[in-house]
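Just below is one structure, and these are the notes that go with it.
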Amino acid sequence: MPSTPEIVRTVGGLRDRVAAWRRNGERVGLVPTMGALHDGHLALVRRSLDDCDRTVVSIFVNPTQFAPHEDFETYPRDEARDLGAIGAIGTDVAYMPNAGEMYAEGFTTTVSVADPSNGLCGAVRPHFFQGVATVVSKLLLQCLPDRAYFGEKDYQQLLVIKRLVRDLNIPAEIVGVSTIREPDGLALSSRNAYLSDADRKTAPLLNAIMRQVAEKVAGGVAVAEAETWGRAQLQENGFDPVDYLEVRDGETLAPITDTLAPGHPARVFAAAYLGKTRLIDNIPVARIL
Ligand code: PAF
C-alpha cells in the first residue's frame with residue numbers, strides 16, 4: 001500500500017537499510033533528485049519501482065553544482081509535497097542528507113569527467129559537471145544501488161554519469177529515461193516554475209524550433225546553416241541569451257560539421273534564457289523523421 005516513505009538523513013542509516021534489503025536478495029534502485037519533483041522525476045521513480053524490489057529517492061539540492069551567481073538559494077524546495085508524491089507511488093526510502101552529511105568538514109575530493117563535460121552546458125557552466133559528477137559518485141557509493149535512474153532531458157549529464165561509472169568501476173547500471181513533456185512540447189523541469197505567464201506561452205517554441213532544426217538537418221541542410229537559422233529564430237522570439245543550439249553526435253557529443261551522414265545518431269541540443277529562466281532541451285534527429 002502506498003504510504004509516506006521512510007526518511008533517512010545519514011549515510012550510515014542509508015547503508016543499514018540497503019544492507020538489510022540485500023540480505024533478503026532484493027534489488028535496489030536509486031533515483032537521485034534535487035527535489036521540486038514533477039512528473040519527469042516520477043517517471044524515473046516508477047521505472048525504478050517496476051525494475052527493482054526497493055527504491056530510494058535522494059533529495060539533495062547540491063550546492064557544488066551551482067555557481068555563486070546561480071539560483072542555489074532560490075531553487076524551489078517543497079519537502080512535504082515531494083514526500084507525498086513519491087510516497088503515493090510506493091517509494092521505500094527518501095534519502096535527504098543535509099549539506100554537512102554530504103560534504104564533511106575539510107572535504108576536498110572532486111570527480112571531473114573530461115570529454116562528455118566539454119562544450120554545451122560545460123562551456124557555459126564550467127563548475128557544473130564537476131559538482132554533478134562528485135555528488136552522483138557519492139550518492140552511488142553511499143547507496144550502492146543495482147541501478148540508478150536519470151532523465152534524458154539532461155542528456156549531457158547522463159553521458160557524464162555513464163562515463164564516470166564506467167571509468168571508476170562503480171557497480172551500478174545507469175538507466176536513462178525519456179523526457180516527459182507538457183502537451184505543448186515544453187520539457188518538464190523544476191525551473192519551469194520560474195516562468196512568468198508570458199514566458200510560459202513562449203517556452204514551447206524552444207522545442208518547436210529545435211524540431212525544425214532537426215528536420216532541416218535530416219533533410220540534408222548543412223548543420224552550421226541549420227544551427228544559425230535555429231539560433232536566429234530563438235532570438236527573434238525573445239530567448240536571450242541563447243547559450244547554445246547545436247547538433248552533435250548523440251553518443252560522443254562530438255560536434256558535427258557539414259551535413260549529416262545517413263544513420264548518424266545525431267541530437268539537437270539547446271539552452272536559452274527566457275527572462276531569468278534557463279531552459280534546456282535535446283531531441284534525437286532520427287526519431288522525428
Ligand atoms: O539532475 C539533477 O537533478 C541533479 O543534477 C542530480 C543528478 C540529482 C545531481 O545533483
Side-chain angles (χ1 to χ4, degrees), residues 2-11 13-22 26-62 64-65 75-98 101-102 129 131-165 170-181 187-192 280:
S3 61
T4 309
E6 184 186 3
I7 298 173
V8 174
R9 295 196 187 269
T10 63
V11 177
L14 179 63
R15 291 222 167 110
D16 288 349
R17 298 316 180 278
V18 174
W21 295 336
R22 289 222 175 285
E26 293 177 312
R27 282 172 63 77
V28 180
L30 171 68
V31 182
T33 80
M34 298 205 301
L37 303 179
H38 50 65
D39 282 349
H41 295 110
L42 297 185
L44 306 181
V45 180
R46 285 197 186 91
R47 186 69 187 277
S48 174
L49 290 165
D50 283 349
D51 289 355
C52 302
D53 304 302
R54 298 287 186 169
T55 292
V56 175
V57 176
S58 65
I59 300 178
F60 178 66
V61 185
N62 174 35
T64 66
Q65 67 191 74
Y75 195 83
R77 290 163 172 87
D78 193 340
E79 212 173 286
R81 199 178 144 274
D82 289 347
L83 290 171
I86 58 176
I89 56 175
T91 301
D92 296 277
V93 160
Y95 176 50
M96 303 199 297
N98 63 27
E101 180 72 6
M102 186 59 80
F129 285 119
V132 169
T134 303
V135 83
V136 170
S137 302
K138 287 169 69 62
L139 287 165
L140 292 171
L141 294 170
Q142 290 168 356
C143 183
L144 289 176
D146 294 283
R147 290 181 161 194
Y149 298 83
F150 296 87
E152 283 189 353
K153 170 169 171 286
D154 299 296
Y155 196 85
Q156 189 177 13
Q157 168 176 279
L158 175 63
L159 294 189
V160 166
I161 292 165
K162 283 187 171 167
R163 182 68 69 90
L164 82 84
V165 161
I170 297 178
E173 185 187 341
I174 302 303
V175 182
V177 178
S178 304
T179 304
I180 306 290
R181 298 181 182 280
L188 296 196
S189 164
S190 304
R191 290 189 169 101
N192 291 350
I280 69 169

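For reference, positions follow the sequence shown, starting with 1.
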Grab the two heavy atoms, one from Asp53 and one from Asp92, that are nearest each other, plus how far apart they are. O-OD2, 4.1 Å

Output all residues satisfying salt bridge (charged side-chain N to carboxylate O under 4.0 Å, His left out) with Asp146, sequence neighbours left out; order by chain, then residue number. Arg22

Any idea which heavy atoms bring Leu139 and Leu30 closest together, and the distance? O-CD2, 3.9 Å

Please answer whether the main-chain N or O of Ile280 pairs with a side-chain N or O of Asp154 as donor and acceptor at a distance below 3.5 Å. no

Does the side chain of Met34 reach to within under 4.5 Å of the side chain of Ser190, using non-hydrogen atoms? no

Is it the case that the side chain of Arg147 and the backbone of Pro145 share a donor-acceptor pair, with hydrogens and angles ignored and the cut-off at 3.5 Å? no

At their closest point, which heavy atom of Tyr149 faces which heavy atom of Gly29, and how far apart are they? CE1-CA, 4.2 Å

Run the side-chain contact (heavy atoms from CB on, under 4.5 Å) check on Trp21 and Arg27 step by step: do they pass? CA-CA 8 Å; Trp21 295 336; Arg27 282 172 63 77; over 6 Å; no

Rounded to the nearest 0.5 Å, how far apart are OG of Ser178 and CG of Leu44? 10.0 Å

Measure the shortest side-chain to side-chain distance between Pro5 and Leu83 over non-hydrogen atoms and say whether it is less than 4.5 angstrom. yes

Looking at every heavy atom in both Ile59 and Pro97, which two are closest together, and how far apart are they? O-CD, 4.1 Å

Between Pro32 and Ser58, the two heavy atoms sitting closest are CA-OG, 3.1 Å

Value rounded to 0.5 Å, distance of CG in Leu42 from CD1 in Ile89: 4.5 Å

In sequence, state the C-alpha distance, the side-chain angles, and the governing distance for Leu37 and Ile86, and then conclude on side-chain contact (heavy atoms from CB on, under 4.5 Å). CA-CA 9 Å; Leu37 303 179; Ile86 58 176; 3.5 Å; yes

Under the 3.5 angstrom rule, does the side chain of Asp78 hit a backbone N or O of Arg81 as a donor-acceptor pair? yes

Given Ser48, which partner from the list Val177, Val28, Thr55, Thr91 fulfils the side chain to side chain contact (heavy atoms under 4.5 Å, CB included) test? Thr55

What's the separation between atom CZ in Arg9 and atom CE in Met102, rounded to the nearest 0.5 Å? 12.5 Å

Distance check, rounded to the nearest 0.5 Å: Leu141 atom CG versus Arg15 atom CZ? 7.5 Å

Minimum heavy-atom distance Gly176-Arg47, with the two atoms named: O-NH1, 4.2 Å

Roughly how far, to the nearest 0.5 Å, is the NE2 atom of His38 from the CG atom of Asp82? 10.0 Å

State, with a plain yes or no, whether a side-chain heavy atom of Thr33 is found less than 4.5 Å away from one of Tyr95. no

Thr134 side, atom OG1; Asn62 side, atom CG - distance, nearest 0.5 Å: 8.0 Å

Between Phe150 and Lys162, does a side-chain contact (heavy atoms from CB on, under 4.5 Å) hold up when you go through it step by step? CA-CA 10 Å; Phe150 296 87; Lys162 283 187 171 167; over 6 Å; no

Arg163 and Leu159, any side-chain heavy atoms less than 4.5 Å apart: no

